Participant: 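Attaching a single structure in structure tokens format; questions to follow.
A, B, ... follow the sequence lines: proteins, then strands. Residue 1 opens every chain. Since the structure is predicted, the reported quantities are computational estimates derived from the model, not experimental observations.
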Amino acid sequence: MSKYRTHKCNELRKSDVNKNVSISGWINKKRDHGNLLFVDLRDNYGITQCIIDRENKNFLELEKTQLETVIKVNGKVVNRSDETRNKDIETGEIEVVISEYEILGTCKELPMPVFSDQEYAEEIRLKYRFLDLRRKKIHENIILRSKVISYIRNEMTNLGFLEFQTPILTSSSPEGARDFLVPSRLNPGKFYALPQAPQQFKQLIMVSGFDKYFQIAPCFRDEDARADRSPGEFYQLDLEMSFVEQEDVFNIVETLMVNTFKNFSDKKLMYDIFPKIPYSEAMLMYGSDKPDLRNPLIINEITEIFNREDVTFDIFKKLVKSGFKVRSITTKNTKDKPRSFFDNIDKWAKDQGASGLAYFTFEKDNKISAKGPVGKFFSEEALLEIMKITKSEVGDSIFLACGKQKELEKITALARDKIANDLNLIDDNTFAFCWIVNYPMFEKDELTKKIKFSHNPFSMPQGELKDIDFENPLDILAFQYDIVCNGIELSSGAIRNHKPDLMYKLFSIAGYSKSDVDEKFSGMINALSYGAPPHGGIAPGIDRIVMLLANEKNIREVTMFPMNQNAQDLMMNAPSDINQEQLKELNLSIKTKN
RNA sequence: GGGGGUGUAGCUCAGUUGGUUAGAGCGAUCGCCUGUCACGCGAUAGGUCGAGGGUUCGAGUCCCUUCACUCCCGCCA
């Protein structure tokens, strides 16, 4: 028998009445009636009401004991009368009459209450994370995270994947995010980098012949935080498979996601087979490569309309002549919405830095007409053409944005979310997954005008080698894909390029010489020269999956010990100063500003 | 690096056009209370109004600077 307890705080029932028990936990709440004291004792599993009265010699002492003190209680289980049962807790039929108790861990005055549903400032929550984590909601989120991870681990093993660890101290890579660097004591002046992802290692595992690999892998990127992006570190379900094509990866991940989400959430899945949307189509229809498919609004391109003689909307016409494009969003049956609805959206767009959103509503009297500030600029024929392109009907409204393609994609994507939220079109009780496929291999850097890899330089270009048009690199598509759920990017993946010659060729287009590649990616390129299997994989973000399952908007709500936005750990005081001896040993000196 | 929001008691917040001694709930301390489950009742302590400067007879309130937290843009292959 345990020294500390015979039962956990969620275990006692009517059938235990008259048993002598001991339970241990935190004092969650006291209700003091002067000669009678109720103590709610809480542990990881639940809450049990304990009771003590003035007859007991320890009464006065317990009455004065702080909340969140850890105590062990010995006592007898008694039945509660009908009117005093608590249906909200598992142990509500009984209570424990305290005969004696022992303080196991004292507690100072609390900087923040544990028993409360109140929201607290992030700063105090992070500083006293161990108190914050005792609170019900986040305690349950962290338990959910644990269960999801062990479920995924189990599924992956069942699917024939082997789990391997890869190095945490590795080399800095020129592509991608900023690295976290670690100075090397034994190699003065040289640095390790923490892995942004185990990208090269997982490919090396395939070259080593292990066929199917996975890992719940820590990844480190020194970039600024967002609500759904921890600063510093996060976790991926990293996986890689040999002798596969894109579809094989999709099948595995779809099965895994569908099972996981059905197992851990009551929300509906919009698709069991996830739609596959080409990148170019996603950018047109949703203005984004991470569309929220719960949102029914679709973006249409109607630039051509503004070259018509019978359209006199001169501002747009001029812009279109100079190469701008016009895209639209149709809202169904919004003819009765007040003027303020439309104007608010226009004003909102201006706040976002756009030039605003023009709008009108399709009406029909004798003939089709457009109601709204710019409606008069469109002939009936032009309106009919717009209705055809955008699948709009009488009674629908249309929002118009004009701009260069990049700006246009951005503002229409934001507007699509904004309008759908205003019209309450998004079903919060649904998960909508999709694949975004056919990413371009390269893109042009807006600033430097140079060609660079648009995603992963190790991705395999599509098509037979002899058919690839290296003269027009921007037209080359890659076997590169993203998985998206409810507008959140869960992961990128790819079929990898396992052919060294092709790799050199692609890197040369992005401005890397053969010797650059040999130097920066020596491990990889060398390995690919000794018999590499075709392989590919993906790495869904664990934190974001748990965030979706826990219905949280902020990643810190599913992270046990997160850092704040400035990448500081307020509880552990990291990062911190180091002493002179440490610096000396590492051959480093600190340059102070100014 | 840039933009927005917030900052008043240990915690959550109120504080009007600038005007008396800056308030409430929770928590803490003390007292009363034997059936509560957000127990109830009474009292007490607790404030650099984020910091610095300015305007003014007078600043929590207006202006400037700055700091912290947070959300967003940039960034995140």
Participant: Inspect the contact between A:Asp132 and A:Lys127 and indicate whether a charged nitrogen and a carboxylate oxygen are less than 4.0 angstrom apart.
Facilitator: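 A salt bridge is absent here (no side-chain N lies under 4.0 Å from a carboxylate O).
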Participant: Between A:Lys30 and B:A28, is there a side-chain N or O to OP1/OP2 distance below 4.0 Å?
Facilitator: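 No.
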Participant: B:A43 and B:U55: how far apart are their C1' atoms, nearest whole angstrom?
Facilitator: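 Nearest-Å result for B:A43 against B:U55 at atom C1': 43 Å.
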Participant: For A:Phe479, give me all partners under ring pair (Phe, Tyr, Trp, His ring centres under 6.0 Å), at least two apart in sequence or on another chain.
Facilitator: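 Ring pair (Phe, Tyr, Trp, His ring centres under 6.0 Å) list for A:Phe479, sorted by chain: empty.
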Participant: Mind checking ring pair (Phe, Tyr, Trp, His ring centres under 6.0 Å) for A:Phe521 and listing every partner two or more places apart, or none if nothing turns up?
Facilitator: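 Only A:Phe458, A:Phe507 meet the ring pair (Phe, Tyr, Trp, His ring centres under 6.0 Å) criterion with A:Phe521.
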Participant: I'd like the C1' distance from B:G7 over to B:G60, given in whole Å.
Facilitator: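 Those two atoms are separated by 12 Å.
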Participant: What I'd like to find out is whether the side chain of A:Ile542 reaches to under 4.5 Å of the side chain of A:Phe234, using heavy atoms alone.
Facilitator: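 No - every pair of side-chain heavy atoms lies 4.5 Å or more apart.
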Participant: Go through the steps to decide whether A:Glu93 and A:Arg85 satisfy the test salt bridge (Lys or Arg N to Asp or Glu O under 4.0 Å), and finish with yes or no.
Facilitator: CA-CA 5 Å; A:Glu93 305 182 303; A:Arg85 288 205 178 106; 5.2 Å; no
Participant: Taking pairing as Watson-Crick or G-U wobble with both contacts under 3.5 Å, can you name the mate of B:G58, or confirm there isn't one?
Facilitator: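 The base-pairing partner of B:G58, which may sit in any strand shown, does not exist here.
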Participant: Tell me, for nucleotides 5-12 of chain B in 5' to 3' order, what letter each nucleotide earns: B for a base near a protein heavy atom under 4.0 Å, S for only sugar-phosphate near one, - for neither?
Facilitator: -----SSS
Participant: So does A:Arg85 reach the base of B:C37 with its side chain, donor to acceptor, closer than 3.5 Å?
Facilitator: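 Answer is no: no donor-acceptor pair is held.
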Participant: Per the salt bridge (charged side-chain N to carboxylate O under 4.0 Å, His left out) rule, what does the pair list look like for residues 551-567 of chain A, sequence neighbours excluded?
Facilitator: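 Found A:Glu122-A:Arg556, A:Arg125-A:Glu557, A:Lys137-A:Glu552.
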Participant: Between A:Asn56 and A:Ile98 (side chain of the first, backbone of the second, donor and acceptor by atom type, cut-off under 3.5 Å), is there such a pair?
Facilitator: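 It does hold such a pair.
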Participant: Does any nucleotide pair with B:C41 by Watson-Crick or G-U wobble geometry, both distances under 3.5 Å, and what is it?
Facilitator: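 Checking every strand shown, B:C41 finds its partner in B:G31, with both distances under 3.5 Å.
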Participant: Whom does B:G7 pair with, Watson-Crick or G-U wobble, provided both distances fall under 3.5 Å?
Facilitator: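 Base partner found: B:C67.
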Participant: Taking for each residue the nucleotide of RNA chain B bearing the nearest heavy atom, is the 5' side occupied by A:Leu126 or by A:Ile51?
Facilitator: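 Result of the comparison: A:Ile51.
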Participant: Show me the pairs that pass salt bridge (charged side-chain N to carboxylate O under 4.0 Å, His left out) and involve residues 37-48 of chain A, at least two apart or across chains.
Facilitator: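 Matches after skipping sequence neighbours: A:Arg5-A:Asp43, A:Arg31-A:Asp40, A:Arg42-A:Glu68.
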Participant: Below 4.0 angstrom from OP1 or OP2 of B:C39, is there any side-chain N or O of A:Arg31?
Facilitator: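 Yes, within the criterion.
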Participant: Does the ring of A:His33 meet both stacking tests against the six-membered base ring of B:C39: centre distance under 5.5 Å and plane angle under 30°?
Facilitator: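 Stacking between A:His33 and B:C39: present.
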Participant: Taking the basic N atoms (NZ, or NE/NH1/NH2) and the acidic carboxylate oxygens, is any pair closer than 4.0 Å for A:Asp518 and A:Lys514?
Facilitator: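 A salt bridge is present here (some side-chain N lies under 4.0 Å from a carboxylate O).
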Participant: Does OH in A:Tyr192 sit with more than 12 non-hydrogen atoms of other residues, nucleotides or ligands closer than 6.0 Å?
Facilitator: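 No.
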Participant: Please name the nucleotide paired to B:G46 by Watson-Crick or G-U wobble geometry with both distances under 3.5 Å, or report none.
Facilitator: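 Matched B:G46 with nothing under the 3.5 Å cut-off.
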Participant: Going by purine N1 to pyrimidine N3 plus the second Watson-Crick contact, or the G-U wobble pair, all under 3.5 Å, which nucleotide sits opposite B:A24?
Facilitator: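 Check on B:A24: paired to B:U12, both distances under 3.5 Å.
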Participant: Could you give all pairs that pass the salt bridge (charged side-chain N to carboxylate O under 4.0 Å, His left out) test and reach residues 492-512 of chain A, with sequence neighbours left out?
Facilitator: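 Those involving residues 492-512 of chain A are A:Glu240-A:Arg496.
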Participant: From C-beta outward on A:Gln66, which listed nucleotide comes closest to its side chain: B:A28, B:C37, B:U34?
Facilitator: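 Selected nucleotide (nearest to the side chain): B:A28.
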Participant: Should the heavy atoms of other residues, nucleotides or ligands under 6.0 Å from NZ of A:Lys276 be counted, would the total exceed 12?
Facilitator: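 It does: A:Lys276 NZ has more than 12 such atoms within range.
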Participant: Provide the Watson-Crick or G-U wobble partner of B:G1, both distances under 3.5 Å; none if there is no partner.
Facilitator: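 Answer to the pairing question: B:C73, which forms a Watson-Crick or G-U pair with B:G1.
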Participant: Shorter than 3.5 Å, N or O on both sides, protein versus nucleotides 41-47 of chain B: list them out with atom names.
Facilitator:
none

Participant: Just to verify, what does A:Phe442 make a ring pair (Phe, Tyr, Trp, His ring centres under 6.0 Å) with, not counting sequence neighbours?
Facilitator: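 Listed in chain order: A:Phe453.
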Participant: Find the distance A:Arg54:CZ to B:G31:P and express it as a whole number of Å.
Facilitator: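 So the two atoms are 10 Å apart, to the nearest Å.
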Participant: Between protein and nucleic acid, restricted to nucleotides 66-68 of chain B and to nitrogen or oxygen atoms under 3.5 Å apart, what atom pairs and distances do you find?
Facilitator:
unit_1 : atom_1 : unit_2   : atom_2 : d
B:A68  : O2'    : A:Glu123 : OE2    : 3.4

Participant: Does A:Ile94 offer a backbone N or O that forms a donor-acceptor pair with the side chain of A:Lys14 under 3.5 Å?
Facilitator: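 Flag not set: sc A:Lys14 to bb A:Ile94 has no pair under 3.5 Å.
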Participant: For RNA chain B, find the residues of residues 87-97 of chain A with a heavy-atom distance under 4.0 Å and give them by number; none if there aren't any.
Facilitator: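 Those residues whose heavy atoms fall under 4.0 Å from RNA chain B, taken from residues 87-97 of chain A in numerical order, are A:Glu95.
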Participant: Could you name each residue pair satisfying ring pair (Phe, Tyr, Trp, His ring centres under 6.0 Å) that touches residues 28-69 of chain A, not counting sequence neighbours?
Facilitator: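 Pairs touching residues 28-69 of chain A that pass the test: A:His33-A:Phe38.
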Participant: Base, backbone or nothing for each nucleotide of nucleotides 71-77 of chain B, written B, S, -, heavy atoms under 4.0 angstrom, 5' to 3'?
Facilitator: BSBBBBB
Participant: Whole angstroms only, please: what is the CG-P distance between A:Asp117 and B:C26?
Facilitator: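 In whole Å, B:C26 P lies 16 Å from A:Asp117 CG.
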Participant: Does this structure show an ion pair linking A:Asp292 with A:Arg294, if we count only N-O contacts that are shorter than 4.0 Å?
Facilitator: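 A:Arg294 and A:Asp292: salt-bridged.
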Participant: Which atom names give the shortest non-hydrogen contact between A:Ala401 and A:Leu408, and what distance separates them?
Facilitator: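 Smallest heavy-atom distance, with atoms named: O-CD1, 3.4 Å.
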